[in-house]
Amino acid sequence: MTIFVFSVVLFAAGLHAIWNAVVKGGSDKLLTTVLVTTWATLIAAVCLPFLPVPSRESWPFIGASTLLQIGYYVLVARTYHLADMSQTYPLMRGTAPLLVAITSVAFLGSHLSPSAWAGIAIICAGILAMAASGHANNRAGLMLALLNAGVIASYTLIDGYGVRLSGTPASYTLWIFLLTGIPLIAWAFVARRVDFKNYIAANWHLGLIGGAGTIISYGLALWAMTLAPVAVIAALRETSILFGTAISMFILKEQVSKVRMIAVCIIATGAGILRFA
């Protein structure tokens, strides 16, 4: 992997941490998630007329990814309702890259070097160590987090190959955000119309930051997947945990345990190995 691609994916990981911090800091996690999605949908709607249409071969991948990502948002909301985000988020994000690596090699004919396997395993170990450092306060929430890891791995694999067929990574990404956002926005206006309108008025700026962050983050990751193995990019993107920890410490002023600091160092080591994979 070139230093440019490596740097771009790390930048995408940082943006991923920022939009998740926006959701975490929101007074209503579900409405904040829908608000971020709303802005992402609006950005996609404005930009798509100026971009080429993805190839016909990529549309089944766009459709499948859209359905999975809607399920992802629903599971995230339910998981955070049942269990702590500080434990379930690392569990979701840490398990997914390993599932991507195993599936892409076993069923899709991908080849990963020993150093790539080592880097992926070390990153996953570091993230899962973060999850284990908390207290299992709700078994159902943890099970949903593992289920969502499977959903994340599924849409990552689908998009990793769909974007290569599309011929236009930017357009492919924006269509997914447009189609994913429409049903979520519709639900918010039907189920919580007044609350959602008031929430938009008070927090529109946070939604804009989160919406732009999630589009750019995922778009850059998909672009990188056209140049490097999907499993490697998927694992490297989850170094967002590094940036998320920094945000928690220095901006949100949260206490970070020694175990989590060790886990951060493990993740950084895995990222360094992937740079030369």
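The first residue of the sequence shown is numbered 1, and numbering continues consecutively from there. What you see is a predicted model; the values in this text were computed from it and never measured.
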Beyond-backbone contact of Ser65 with Leu68, side-chain heavy atoms, under 4.5 angstrom: no
Taking all heavy atoms of Ile273 and all of Ser115, pick out the closest pair and write down the distance. CG2-O, 3.2 Å
Kindly work out whether a path of hydrophobic side-chain contacts (I/L/V/M/F/W/Y, heavy atoms less than 4.5 Å apart) joins Leu15 to Phe6. yes
Using modelled atom types and a 3.5 Å cut-off, is there a donor and acceptor pairing between side-chain atoms of Thr103 and backbone atoms of Val100? no
Got Trp175 and Thr66 here, is their nearest side-chain heavy-atom distance under 4.5 Å? no
side-chain contact (heavy atoms from CB on, under 4.5 Å) between Asp159 and Tyr172, worked out: CA-CA 9 Å; Asp159 288 337; Tyr172 181 95; 2.8 Å; yes
Less than 4.0 Å between a side-chain N and a carboxylate O, is that true for Arg192 and Asp28? yes
How many angstroms lie between CG in Leu220 and CE in Met225, if you round to the nearest 0.5 Å? 11.5 Å
Spacing of CD1 belonging to Ile215 relative to CG belonging to Leu42, to within rounding of 0.5 Å: 9.0 Å
Would you give the length of the straight line joining atom CZ of Arg237 to atom CG of Leu10, rounded to the nearest 0.5 angstrom? 12.5 Å
Honestly curious: do Tyr218 and Val74 fall in one hydrophobic cluster under the side-chain, below-4.5 Å linking rule? no
To the nearest 0.5 Å, how far apart are OH in Tyr161 and OG in Ser58? 16.0 Å
So, does Ser113 use its side chain to make a donor-acceptor pair with the main chain of Ala116 at under 3.5 Å? yes
What pairs of residues pass the side chain to side chain donor-acceptor pair (under 3.5 Å) test when at least one of them lies in residues 30-40, not counting sequence neighbours? Thr32-Tyr199
Contact summary for Phe243 and Ala17, nearest pair of heavy atoms: CB-CB, 3.6 Å
Are Val46 and Ile182 connected, step by step, through hydrophobic side chains (Ile, Leu, Val, Met, Phe, Trp, Tyr) whose heavy atoms are closer than 4.5 Å? no
If we ignore hydrogens and angles and just use 3.5 Å, is the side chain of Thr214 paired with the main-chain N or O of Gly210 as donor and acceptor? no
Please report the interatomic distance CG(Asp195) to CG(Leu30), rounded to the nearest 0.5 Å. 10.5 Å
Treating Ile, Leu, Val, Met, Phe, Trp and Tyr as nodes and any side-chain heavy-atom pair under 4.5 angstrom as an edge, say whether Ile3 and Leu274 lie in one connected cluster. yes
So, do Val34 and Tyr73 sit near enough that their side-chain heavy atoms are less than 4.5 Å apart? no
Distance col, row Ile62:CD1 vs Ser55:OG, nearest 0.5 angstrom, shows 8.0 Å
Looking only at heavy atoms, the pair that brings Ile70 and Leu179 closest together is CD1-O, 4.5 Å
If you compare all heavy atoms of Thr226 against all heavy atoms of Pro169, which two are closest, and at what distance to 0.1 Å? CG2-CG, 4.4 Å
Minimum heavy-atom separation for Ile43 and Gly211, please, with both atom names. CD1-C, 4.1 Å
Flag yes if Leu99 and Leu112 sit in one hydrophobic cluster, no otherwise; membership is Ile, Leu, Val, Met, Phe, Trp, Tyr, and two members link when side-chain heavy atoms are under 4.5 Å apart. no
Could you check whether Phe189 and Phe196 have their ring centres less than 6.0 Å apart? yes
Contact check, side chains of Trp223 and Val8, non-hydrogen atoms, under 4.5 Å: yes
Hey, are the side chains of Val230 and Arg164 touching, using non-hydrogen atoms and a 4.5 Å cut-off? yes
Derivation of the side-chain contact (heavy atoms from CB on, under 4.5 Å) call for Ser171 and Leu48: CA-CA 6 Å; Ser171 182; Leu48 278 172; 3.8 Å; yes
Test side-chain contact (heavy atoms from CB on, under 4.5 Å) applied to Gln69 and Ile176, step by step: CA-CA 9 Å; Gln69 296 212 36; Ile176 288 173; 3.5 Å; yes
Nearest atoms (heavy-atom pairs only) where Ser217 meets His16: OG-CB, 3.5 Å
